[in-house]
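Read the structure below first, then the notes.
Each ligand, and each atom within it, is numbered from 1 in the order the structure gives. Note: hydrogens, waters and symmetry copies are ignored here, and every other heavy atom, side chains too, is used.
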Amino acid sequence: MYSKELFAVAALGFASGAAAVGCKDDPVVIRNQQDADQVAKCSTIPHDLVLDTSAGPAIDLGSTLTEIQGSLQVNNNGLIQTLSCESLKTIGNTFQLHNLTSLTSLMFTGLEEVGSIDWITLSKLPEPTFGEPGITKAQSIMVSDTFIENLNGLNVQNVADMNINNNHRLTLFSTSIKTLSNVLLVNDNGLNLTMEMPNLEWIANMTIANVSSFSVPSLKTVNGSMRFDSNYFTDFLAANLTTIQDGDLSFVSNPDLLNISIPLLEKVGGGFTIANNTALGKVNGFGSLKDVGGAILMRGSFDDIELNALTDVVGTAQFISTEDISTSCKKLQSLSGNVVQGTVTTCRGNDAGANNGTSSDDSGSGSGSGGNGEGAASLASASMTTVVTLATLGGLVAAFL
Ligand SMILES: *[C@@H]1O[C@H](CO)[C@@H](O)[C@H](O)[C@H]1NC(C)=O
Ligand SMILES: *[C@@H]1O[C@H](CO)[C@@H](O)[C@H](O)[C@H]1NC(C)=O
Ligand SMILES: *[C@@H]1O[C@H](CO)[C@@H](O)[C@H](O)[C@H]1NC(C)=O
Ligand SMILES: *[C@@H]1O[C@H](CO)[C@@H](O)[C@H](O)[C@H]1NC(C)=O
Ligand SMILES: *[C@@H]1O[C@H](CO)[C@@H](O)[C@H](O)[C@H]1NC(C)=O
Ligand SMILES: *[C@@H]1O[C@H](CO)[C@@H](O)[C@H](O)[C@H]1NC(C)=O
Ligand SMILES: *[C@@H]1O[C@H](CO)[C@@H](O)[C@H](O)[C@H]1NC(C)=O
Ligand SMILES: *[C@@H]1O[C@H](CO)[C@@H](O)[C@H](O)[C@H]1NC(C)=O
Ligand SMILES: *[C@@H]1O[C@H](CO)[C@@H](O)[C@H](O)[C@H]1NC(C)=O
């Protein structure tokens, strides 16, 4: 015998001219607003909710649905313009939006927890609308190739991974994260991107490129590496940072950088690289730096290098500048073989190729002071990225000697 319910569902199916959609479908597939109206009556969806490529232009999931235990997926849909649900609080797995080229409005004012955010190619979405407090829990966040101007409403405190890239309109990325346990990658966003992480206390690794302003006032520990390539900030200050535990610290090709200051930094576990920051006149913001676990590589246009607290560098050290650094070199050379275990292979000023990253001691440019190590020779044709890696390797090689 047919149950009343089944009959009702079948009737609904006929009424909407489509197969009935049930809360427990695996996955629940929405092809149009009629389907969405049925789904909007579910309070929980135990599996995935998927919007078909033909759903749109407006899909509203109503005000009853509070939880999707699987993922919410909308992919490859050029039709959908607005997507909303005011009641949804939790997405257990991924909130995935891929290749939605007409989406202009995304409103999830009740959303607080997601497993992860995975948004790629949202070419018209200026800003997602979340409520208060917004999304406070997410394991990982990927926002790539969107029209998004700011990421307000992402108020996550602890996250494992965050990758923000190719969002050409993004000019403000201000995040409340306190800890980040794997990797933060930021690159190729808006040309005038301000990045603020006022609450960040520790971060495992970060690689930041193409950012115009950067602030981490509370940062104390970097567990892995911290790299800054091709940014446009003039000042870099990490006032509370004391330790870079296991990885590298590097500043490469940041053309506007005038001042780097990490006054409390005592330890860099890996290599320490400063190269091709052509506006940087002095390296004097590392007054507490004692230990470097890898090599030190400094190439630039500075006339002063102060590393007065150094007590142990496991790898080699190389200093090359376009300016006269003879005063600094006197002090630095005296560290060779004692403080700098791998020896100071080069300390040389007045070298026009200092910022090229291709000038090796072998090339004979400048007033070479000899004693170049094999690291320098292999730098001859290295790209800047390789240079950074070599600084770490230099440290490792020296450590095994
Ligand atoms: C993006 O979605 C459109 C439909 O809107 C589709 O034609 C296109 O193949 C998709 N692109 C990719 C890279 O999947
Ligand atoms: C990073 O270092 C902080 C401070 O020492 C520590 O509390 C945290 O657990 C470390 N995180 C990782 C991922 O190692
Ligand atoms: C910075 O980003 C802009 C726009 O995304 C891009 O045109 C430019 O090439 C990037 N610059 C660097 C040095 O990465
Ligand atoms: C970049 O942003 C700052 C403030 O955020 C503003 O003062 C400056 O004019 C902007 N520069 C450009 C080129 O848009
Ligand atoms: C810097 O560290 C000190 C000591 O741990 C702490 O009291 C202070 O609040 C920190 N500053 C910021 C801006 O977080
Ligand atoms: C990030 O840093 C941790 C140390 O906390 C390290 O073990 C891990 O391999 C790093 N991950 C990447 C991708 O660099
Ligand atoms: C040095 O930095 C400038 C400006 O950012 C860049 O154009 C150039 O390619 C860099 N040189 C190397 C060798 O990376
Ligand atoms: C560099 O910045 C630090 C911290 O803001 C500041 O104390 C120092 O005076 C600055 N140095 C120069 C040369 O401007
Ligand atoms: C540095 O690079 C510039 C531009 O590529 C080049 O003109 C110059 O000759 C190079 N200098 C040295 C010393 O290699």
Regarding [X] and [Y], is there a side-chain donor-to-acceptor distance under 3.5 Å anywhere?
X	Y	value
N240	S218	no
T53	N77	no
T234	D256	no
Q318	R348	no

Given that the side chain starts at C-beta and the backbone is N, CA, C, O, which of these parts of N356 lies under 4.0 Å from ligand 7, counting heavy atoms, or is it both or neither? backbone
Heavy-atom side-chain contact between P128 and L106 under 4.5 Å: yes
Could you tell me which atoms of ligand 7, counted from 1 in the order shown, lie closer than 4.0 angstrom to a heavy atom of S253?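 Heavy-atom distances to S253 below 4.0 Å select 1 (C), 2 (O), 5 (O), 10 (C), 14 (O).
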Note the single closest protein heavy atom to [atom], along with its residue, its atom name and the distance in Å.
atom	answer
atom 3 (C) of ligand 5	N240 ND2, 3.6 Å
atom 13 (C) of ligand 5	P217 O, 3.5 Å
atom 14 (O) of ligand 5	S218 OG, 3.0 Å
atom 5 (O) of ligand 1	G78 N, 3.0 Å

Atom 7 (O) of ligand 1: protein heavy atom closer than 4.0 Å?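 Under 4.0 Å from atom 7 (O) of ligand 1, zero protein heavy atoms found.
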K220 to ligand 5, any heavy atom closer than 4.0 Å: yes
Evaluate N99 for polar contact with ligand 1, using N/O atom pairs at a separation under 3.5 Å. yes
Check: N76 N/O within less than 3.5 Å of ligand 1 N/O: yes
For a side chain to side chain donor-acceptor pair (under 3.5 Å) check, start with the C-alpha distance between D60 and S84, then their side-chain angles and the critical distance, and finish with the verdict. CA-CA 5 Å; D60 179 20; S84 55; 3.1 Å; yes
Tell me whether P255 reaches ligand 7 (any heavy atom closer than 4.0 angstrom to a ligand atom).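 Yes; P255 lies near enough to ligand 7 that a heavy-atom distance drops under 4.0 Å.
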Scan N165, N189, D118, N166 and name whichever one has a side chain to side chain donor-acceptor pair (under 3.5 Å) with S144. N165
For atom 12 (C) of ligand 7, which candidate among T278, N276, D229 provides the closest heavy atom? N276
Give the minimum heavy-atom separation between I208 and L184, together with the two atoms involved. CD1-CD2, 4.0 Å
